[in-house]
Amino acid sequence: MGANGVGTLLELPLLENSVPHPLSANSNHAFSFETISSLQSALELIYGPHGGRGMALRIGRACFKYGLKEYGSLLGLTEMTFRLLSLPMKLHIGAKAFADLFNKHTDQRVRVEEREDKILWHIELCPLCWERKAEEPVCHLAGGLLQESLYWLSGGKIFSVEETACIARGDSACTFTIDRTP
């Protein structure tokens with residue numbers, strides 16, 4: 001997006017008084033669900049539905065990198081013993097640890113459901129689509145975050161991550177279906 005893109009985004013009436021401007025790189029702002037949802041909507045307004053989705057996916061991937069730096073050692077995901085586990089075991093432990101991180105450090109409520117060939121990532125209280133109405137799933141930032149976490153976890157393999165249910169669409173939770181095999 002660049003500095004100009006962020007500036008344009010933050011000046012939209014949709015975000016008026018929601019986000020401090022200018023943002024500083026070292027500040028520790030807590031954003032409400034309303035603000036996070038408005039940011040998602042603003043991306044779609046500026047870039048169109050498909051461009052906004054692509055930008056949100058990219059932002060989600062970048063968020064993982066910064067989150068790993070901040071929380072990786074706390075979760076034990078950067079330890080050599082974890083890195084040496086088999087891929088199925090890393091998926092099992094990583095999904096639980098990642099969900100616990102969101103449940104302990106945010107107001108989101110995440111639940112993981114493991115099936116033989118899929119992992120279901122349920123966001124039962126979702127800031128990305130908070131008070132939004134849509135005909136299709138809109139939590140693309142979470143999808144990018146999950147994609148990048150799986151890419152990192154597997155040492156560069158790409159997994160299918162698809163949002164199959166969304167609260168904005170009237171579903172009871174935002175659910176991402178993740179294939180267990182890359």
Side-chain angles (χ1 to χ4, degrees), residues 25-26 28-33 35-37 39-40 43 52-130 132 136-169 171-182:
N26 60 0
N28 200 6
H29 295 288
F31 297 113
S32 68
F33 278 20
T35 299
I36 294 169
S37 181
L39 283 166
Q40 282 277 132
L43 284 173
R53 174 185 181 208
M55 188 60 70
L57 285 167
R58 291 181 68 191
I59 291 168
R61 289 185 191 117
C63 286
F64 175 78
K65 179 179 85 170
Y66 295 109
L68 184 64
K69 194 180 290 186
E70 181 84 17
Y71 296 104
S73 61
L74 174 73
L75 298 174
L77 300 180
T78 56
E79 302 299 322
M80 185 57 72
T81 52
F82 178 78
R83 302 293 293 159
L84 294 173
L85 293 173
S86 67
L87 182 56
M89 189 55 75
K90 283 196 265 187
L91 289 174
H92 171 73
I93 292 171
K96 297 287 186 196
F98 207 36
D100 286 346
L101 174 73
F102 280 97
N103 290 331
K104 289 178 185 170
H105 296 280
T106 74
D107 292 332
Q108 295 179 60
R109 290 298 151 247
V110 176
R111 180 175 54 85
V112 176
E113 181 182 344
E114 295 192 52
R115 295 187 178 165
E116 188 174 319
D117 60 339
K118 307 264 187 220
I119 297 172
L120 301 179
W121 180 270
H122 303 284
I123 306 173
E124 296 172 340
L125 190 56
C126 181
L128 300 170
C129 64
W130 187 258
R132 289 186 67 186
E136 57 186 54
V138 296
C139 304
H140 309 300
L141 191 146
L145 187 72
L146 290 169
Q147 287 174 350
E148 190 66 20
S149 68
L150 292 159
Y151 183 82
W152 176 84
L153 190 87
S154 68
K157 294 180 171 69
I158 297 173
F159 289 76
S160 172
V161 176
E162 180 185 2
E163 187 175 11
T164 54
C166 185
I167 295 169
R169 199 172 66 177
D171 298 311
S172 61
C174 298
T175 299
F176 289 85
T177 303
I178 303 164
D179 287 345
R180 283 188 176 272
T181 55

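The basis for the numbers below is simple: all heavy atoms, side chains too, and nothing from hydrogens, waters or symmetry mates. Fair warning: this is a prediction, and the values are worked out from it, not measured in the lab.
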Does [X], at its [atom1] atom, have more than 12 non-hydrogen atoms belonging to other residues, nucleotides or ligands within less than 6.0 Å?
X: R53; atom1: CZ; value: no
X: Y151; atom1: OH; value: no
X: K65; atom1: NZ; value: no

Exercise: identify the closest heavy-atom pair between [X] and [Y]:
X: I123; Y: Q108; value: CG2-OE1, 3.8 Å
X: L125; Y: D107; value: CD2-O, 3.2 Å
X: E116; Y: R180; value: O-CD, 3.1 Å
X: H122; Y: T175; value: ND1-OG1, 2.8 Å
X: H140; Y: A56; value: CB-CB, 3.8 Å
X: I167; Y: C129; value: CB-SG, 3.8 Å

Carboxylate-amine/guanidinium proximity below 4.0 Å for E124 and R111: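 Salt bridge between E124 and R111, a charged N being under 4.0 Å from a carboxylate O: yes.
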Whether Y71 and H105 hold their rings parallel, tilted or perpendicular, with breakpoints at 30° and 60°: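 Because their plane-to-plane angle lies in the 30° to 60° range, the rings of Y71 and H105 count as tilted.
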Parallel, tilted or perpendicular: ring planes of W121 versus F102, cut at 30 and 60 degrees: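 W121 vs F102 ring planes: perpendicular.
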Flag, side chain of K118 to backbone of T177, donor-acceptor distance under 3.5 Å: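 No; judged by distance alone, with no hydrogens or angles, the pair does not exist.
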Euclidean distance, L68 CG relative to L153 CG, rounded to 0.5 Å: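 If I round to the nearest 0.5 Å, the distance is 10.0 Å.
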Result of checking L146, T181, L91 against F159 for side-chain contact (heavy atoms from CB on, under 4.5 Å):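 The single option meeting the side-chain contact (heavy atoms from CB on, under 4.5 Å) with F159 is L91.
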side-chain contact (heavy atoms from CB on, under 4.5 Å) between E163 and C174, intermediate numbers included: CA-CA 7 Å; E163 187 175 11; C174 298; 3.7 Å; yes
